[in-house]
Trainee: 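Next up is a structure, given as structure tokens.
Numbers for residues simply follow the sequence, beginning at 1.
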Amino acid sequence: MRAAALYKPFGVGGIVAGTGIGTSAAVFAQAYILRRKFHGLELGRLLSTVTRISLASLALAAVGWVTWDVLDSALGRSTVAQIISLGTGMVLGAVAYLGVAWMLRIAELEQILRLLRRRRA
């Protein structure tokens, strides 16, 4: 309902803004309640992790886009050429993400790697 109230004056952007405002309010309320219940939220650690994941994501985006752009220029716009250029960009971007995440020692990546090693054993 809150989002719909913003439609008339702002159009579709009002719905998007209303949804974002409502979600933000819910997140802040949950953080307030959980902070009291758990005696803190380790926000410094959270910010550190978000920063490292953002850097790894930036590497993914940069490598993926540059790879696609180079191959797109070289191969053209046919369907097969787009599959190759986009697929290669995605794979190399993922490799870049994993490499940067590993170098920055993102704990969640280390947890996933431990789980995969256990499954193999």
Trainee: Where do M90 and W68 land on the side-chain contact (heavy atoms from CB on, under 4.5 Å) test, with the steps shown first?
Mentor: CA-CA 8 Å; M90 289 170 54; W68 169 81; over 6 Å; no
Trainee: Got a sec, which residues hit side-chain contact (heavy atoms from CB on, under 4.5 Å) with L92, two or more places apart in sequence or on another chain?
Mentor: V63, T67, T88
Trainee: Name every donor-acceptor pair, under 3.5 Å, that has one atom in a side chain of residues 108-120 and the other anywhere in the protein, sequence neighbours excluded.
Mentor:
none

Trainee: Out of curiosity, does Y32 fall in the hydrophobic cluster containing F28 (side-chain heavy atoms, cut-off under 4.5 Å, transitive links)?
Mentor: no
Trainee: Identify the heavy atoms of A59 and A96 that sit nearest to each other, and give their distance.
Mentor: O-CB, 4.1 Å
Trainee: Are I106 and W102 joined in one hydrophobic group, where the rule is that I, L, V, M, F, W and Y side chains link up if heavy atoms are under 4.5 Å apart?
Mentor: yes
Trainee: Mind listing the closest non-hydrogen atom pair of L71 and S85 along with its distance?
Mentor: CB-CB, 3.5 Å
Trainee: Taking only residues two or more places apart in sequence, or in another chain, which ones meet L43 in a side-chain contact (heavy atoms from CB on, under 4.5 Å)?
Mentor: L41, L46
Trainee: Are I53 and L98 connected in a single hydrophobic cluster, I mean Ile/Leu/Val/Met/Phe/Trp/Tyr linked by side-chain heavy atoms less than 4.5 Å apart?
Mentor: yes
Trainee: Which heavy atom of G76 sits nearest a heavy atom of A81, and at what distance?
Mentor: O-CB, 3.5 Å
Trainee: Tell me if a side-chain donor or acceptor on Q30 pairs with a main-chain N or O of A25 at a distance below 3.5 Å.
Mentor: no
Trainee: Any chance the side chains of R52 and S48 put a donor and an acceptor closer than 3.5 Å?
Mentor: yes
Trainee: For the OH atom of Y97 and the CG atom of L58, what is their distance to the nearest 0.5 Å?
Mentor: 12.0 Å
